[in-house]
Amino acid sequence: MRSWGSVGHYIQGPGVLADVRRYADRFGGSHLFLVDSYVQGLLAPALYAAYDDDDVYETVLFEGDITRHSVERIETRIGDGFDVIISVGGGTVIDVAKMIASKKHVALVVCPTIASTDAPTSAMSILYSDEGEMNEIVIHRANPDLVLVDTRVIAAAPRRFLISGIGDALSTYYEGLSNDHTGHANYVWCDTGQGRASIAGRAIARACFETLFADAPAALVACDLKVPTPAFENVVEANILLSGIGFENVGCSIAHGIGNAITAIPEGERAMHGERVAFGTLCLLIAEDYPAEEIDRVISFCVRCGLPITFGALGLDPSREDLEKIAEAALAAESWAASPTAICDVAGVVDLMRVADALGCVAHL
Ligand SMILES: [Zn+2]
């Protein structure tokens, strides 16, 4: 069975946030903004400029971690009586908005202010425990109705966010190939556990990969200058749209398995999601026995983009026990089964990560 899922609509360009009211009105006239403190401080004037009356919108500030409790608190505070949730900010506030829109059956407009992950377009929220550990993945009935990406806002964010998004997007194509080899299911309504990548899903994953290799270095230069050039626009689309639709439709494997497992040790939180996934992608290529030229190509790409591919660059100095802890978490993840790798025990995963780190160190010499 093939399955396909997607964000409803996607609009990207410099200054598009100024038209947020016009776009949101397509889903209903009463709007609720769910924003983080960065947005509240910097973007509020631009965001609300189109509203001359405050009876058609309300703003709720979300801060802190996304947990079952924090989502319930916001849900109670918000109440009912609005047609559209407009979520503006980073990954956390977007994931909270997905939870609330899904529970209240209202439309969701997502306006990311950074391009650090592929979360804005997906139907997924990642929840944390009260102790701060990632512990639950929630798959919603639908993806956001509209993702509105203002590239002037994205270009104003620090380059590390864009780099992290590039790392996350880099994994999509290779993880899709893992799933192709094993016949593992994708994430489209994954409770059925049956969907496989469609031609459309595979084509998007490939386009994501090609766009990054063509445009990422130039996009980072543009980011430094805070100018949304065509190369920058391409990479933002790759990070947010192509990677987001891509991973849901072709599935994840050990790049995310290892990338997420790095947080099993406290120092793992120093690196961003996409940075850890880039290191995981190098591990995937080694574990799945890719040709040396392909591995070299990815290593050079990572070095050029400033993506960390060594323990040191990830902010780690792991002991043998640390590596075993990461390996155990990686093997326990569902995504490990999506890979055709023959590595299936803790010692094997530890060696895999040590080899990846050593190759990364050589590349930095
Ligand atoms: Zn990811």
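Ligands are counted one by one from 1 in listed order, and the atoms in each one are counted from 1 as well.
- Applying the ring pair (Phe, Tyr, Trp, His ring centres under 6.0 Å) test to residues at least two apart or on different chains, the pairs with a partner in residues 242-292 are Y174-Y290, Y187-F247, H256-H273, F279-F311.
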Pair Q194, S3 - check side-chain hydrogen bond (donor to acceptor under 3.5 Å, both in side chains), show working.
CA-CA 8 Å; Q194 292 177 333; S3 62; over 6 Å; no
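- In terms of the side chain to side chain donor-acceptor pair (under 3.5 Å) criterion, residue partners of N179 (sequence neighbours excluded) are, by chain and number, H184.
- Other members of the cluster containing M272 are I114, F161, with ILVMFWY side chains joined at under 4.5 Å, either directly or via other members.
- Contact check on D95 versus K98 returns a salt bridge, with a Lys/Arg side-chain nitrogen under 4.0 Å from an Asp/Glu carboxylate oxygen.
- Atoms of the protein (N, O or S only) found under 2.8 Å from the Zn ion (ligand 1) are D168 OD1, H256 NE2, H273 NE2.
- Using a 4.0 Å cut-off between charged side-chain N and carboxylate O, D25 and R22 make no salt bridge.
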